[in-house]
Amino acid sequence: MSNITSEDLFKNIISHAKEYGFIFQSSEIYDGLSAVYDYGQNGSELKKNIREYWWKAMVQMNENIVGIDAAIFMHPTTWKASGHVDAFNDPLVDNKDSKKRYRADVLIEDHLAKIEAKISKEVEKARTRFGDSFNEETFRTTNARVLENQKKIDEINMRFKNALEVGDLNEVRQIIIDLEIVCPVSGTRNWTDVRQFNLMFNTQLGSVSEESSTIYLRPETAQGIFVNFLNVQKTGRMKIPFGIAQTGKAFRNEIVARQFIFRMREFEQMEMQFFIKPGTEMEWYKHWKDVRLKWHRSLGFPETVHRFHDHLKLAHYANAACDIEFKFPFGFKELEGIHSRTDFDLGNHEKFSGKKLQYFDPDSGQSYVPYVIETSIGLDRMFLAILSQSYAEEKLEDGSERVVLRIPEFLAPVKCAVLPLVKKDGLPEKAREIMDRLKFDHLCQYEEKDSIGKRYRRQDAIGTPFCITVDHQTLEDQTVTIRYRDSMVQERIEVGSIEKILIDKVDMKKALRQISG
RNA sequence: GCGGAAGUAGCUCAUUUGGUAGAGCAUCAGCCUUCCAAGCUGAGGGUGGCGGGUUCGAGCCCCGUCUUCCGCUCCA
């Protein structure tokens, strides 16, 4: 459809996802939960297949990459070491007029700096007045105006410190109001409440609340790999370079979460941390960029839907970083990140745990903290990429319309539908017989309700790549028609050859061969 | 988070100053038997997002709340 806007298209994809059992809003009967979604009967299959394809491509196809499955709960110190506790724990306040958001502590500190500047000015004035005989120390401890300002600073500091310690955000707001701090943009004092935006969800470990300690739901899976670096390296006798892969849920308390499953509070990551010798990071960085792009391209979508986006402003842990972006209906957006994380994580875990996280290099006879190249892809985003790229509204030659999901065959939720042309004359029995054989290899569906055309359309809508139709001729010569989702072409094939043909067409092997060459 | 819009059956939508809620499609049962949706008959399904208020009476008016969408803002 050429005249459909991308906004409408995206809306249609979302309703299609719900109508055909791919994605439901979480807790919908209770009005839903914002930015949390459930995968339905078809969605969970597609998601599982994507995960499996990633896992095979990363772990099964690479001798030097192994997988783990670390717990979501981790020791709280993990997140101090990773930088998540400090970096994402700020009290924020908005100015209602300018709509600008500020860190409350920064506003107050800026105000303190202004008072501090006043003091410095007094000191400088005095210095020029008194010349060589000037004693700054004495001046600072005796001058009335300096003392008054210093007293102000101390009082504010004390008040602010207390407020933060007891977590009294109203008091923080009151400080801003009492100090008559204005917004640099609007110049007004029209402030919202001060709010704490924590990136991480926390919960209690321990059944009795008084004895319990606060732990976090992991905001990324990577740290589960880093804290197990030594365990895996030693028990697996891994030699650098080697990688550890993991898929699993992560949780982020997003301030604004939107665009369907693109940004969710609970989501699944597929990550691989590749441990290397320091100094070799740029070549490995390039290597994994190439490898990962190849993986994406192996799905057979047009090359124009992917592009690299290099990060100019780097995160605290990285010395090179880029995204593989995908052309979603709402524009190019990050799908996978490839980061050169240096020895930031392992180094910090060494510091915080007091354990040596080093690798002994037998060639050089030296130990070092390995550098890390990370590949990190959002499974839910990958799901959305495949869903939106596969979705097509078609006008057929006879004037009718169909909605079809051209999901790569080996990822499709249902691989094959078995359909008796009519619901009598022994055709259902024959179809059941075929179904019972195929189900050992693939997830298949049997359908006998409604006209054959209607059933084909239903299978198109969930992306089933093949339909096997049993008709009267089948009973005579043991042949059926196989009907292709994308072309709608039908062929007559022998019943006995169905299994072989299907396996050939839906096997993941073909795609894996493509990326391993 | 701020501003705007919306929420009626599984879906798309009606119900013209407030007077006991309807259609199409879908679903289910039966009939028909036909290789690309839309044949016939019948049935089920809604305390109008939720809570409160005004009123003799609220899907409709008012307030709150939840969810979604759009714009802004934020994003390791």
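Here is the naming used below: chain letters follow the sequence lines, and residue numbers restart at 1 for every chain.
- Checking B:rC28, B:rC35, B:rU33 against the side-chain heavy atoms of A:Lys423 singles out B:rU33 as nearest.
- Closest approach to the A:Arg252 side chain among B:rC28, B:rA76, B:rA37 is made by B:rA76 (side chain taken as heavy atoms from C-beta onward).
- With respect to A:Arg455 and A:Glu447, no salt bridge is recorded, no charged nitrogen being found less than 4.0 Å from a carboxylate O.
- Look at CD on A:Gln25: it is 7 Å from C1' on B:rU68, rounded to the nearest Å.
- For A:Arg263 against B:rC75, a side-chain N or O and a base N or O form a donor-acceptor pair under 3.5 Å.
- Atom P of B:rG10 sits at a distance of 15 Å from the matching atom of B:rC28, rounded to the whole Å.
- In this structure, A:Ile13 places its CD1 atom 18 Å from C1' of B:rC11, rounding to the nearest Å.
- A centroid separation of 6.0 Å or more is found between the aromatic rings of A:Phe262 and A:Phe260.
- Between A:Glu433 and A:Lys430 there is a salt bridge, since at least one side-chain N of the basic residue sits less than 4.0 Å from a carboxylate O of the acidic one.
- Atom name C1', nucleotides B:rG45 and B:rC11: the rounded distance is 13 Å, in whole Å.
- Taking CD1 from A:Ile377 and CE from A:Met270, the interatomic distance works out to 4.5 Å, rounded to the nearest 0.5 Å.
- Taking atom CD of A:Glu447 as the reference point, atom P of B:rA26 lies 14 Å away to the nearest angstrom.
- The strand RNA chain B forms stems, runs of 3 or more Watson-Crick or G-U wobble pairs with distances below 3.5 Å, at B:1-7 with B:66-72, B:10-13 with B:22-25, B:27-31 with B:39-43, B:49-53 with B:61-65.
- A side-chain donor from one of A:Ser340 and A:Asn319 sits under 3.5 Å from a side-chain acceptor of the other.
- Set against B:rC28, B:rA26, B:rU34, the side chain of A:Lys449 has B:rC28 as its closest nucleotide.
- Protein atom CD of A:Glu401 is 17 Å distant from nucleotide atom P of B:rU12, rounded to whole Å.
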Within the 4.0 Å limit for protein heavy atoms, which parts of nucleotides 39-47 of chain B are touched? Write it as a string from 5' to 3', B for base, S for sugar-phosphate only, - for none. ---------
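- Base engagement by A:Leu421 is indicated by at least one non-hydrogen atom pair under 4.0 Å involving a base atom.
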Does the pair A:Phe275 and A:Tyr371 meet the rule for a ring pair (Phe, Tyr, Trp, His ring centres under 6.0 Å), with working shown? CA-CA 6 Å; A:Phe275 300 95; A:Tyr371 269 37; over 10 Å; no
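- Rounded to whole Å, atom P of B:rG7 lies 18 Å from atom CD1 of A:Ile14.
- Taking atom CZ of residue A:Arg455 and atom C1' of nucleotide B:rU34, one finds them 10 Å apart after rounding to whole Å.
- Taking atom C1' in both B:rG53 and B:rU16, the straight-line distance is 26 Å, to the nearest Å.
- Ranking B:rC11, B:rU67, B:rA76 by closeness to the A:Lys18 side chain, first place goes to B:rC11.
- Distance check on atom P: B:rA5 versus B:rC61 gives 13 Å, rounded to whole Å.
- Ranking B:rU27, B:rA37, B:rC11 by closeness to the A:Arg458 side chain, first place goes to B:rU27.
- Atom C1' of B:rA6 sits at a distance of 16 Å from the matching atom of B:rC50, rounded to the whole Å.
- No more than 12 heavy atoms of other residues, nucleotides or ligands shown are found within 6.0 angstrom of NZ on A:Lys327.
- In this structure, A:Phe22 has its ring center at least 6.0 angstrom away from the ring center of A:Tyr20.
- The separation of B:rG57 from B:rG19, taken at their C1' atoms, amounts to 7 Å, rounded to a whole angstrom.
- Contact check on A:Arg307 versus A:Glu325 returns a salt bridge, with a Lys/Arg side-chain nitrogen under 4.0 Å from an Asp/Glu carboxylate oxygen.
- Both A:Asp450 and A:Arg492 sit near RNA chain B, but only A:Asp450 has its closest nucleotide nearer the 5' end.
- In summary, the side chains of A:Thr469 and A:Tyr456 do present a donor paired with an acceptor at a separation below 3.5 Å, with no hydrogens or angles considered.
- Rounded to whole Å, the P atom of B:rG7 lies 8 Å from the corresponding atom of B:rG49.
- Remark: the A:Arg483 side chain and the B:rC35 base include no donor-acceptor N/O pair separated by less than 3.5 Å.
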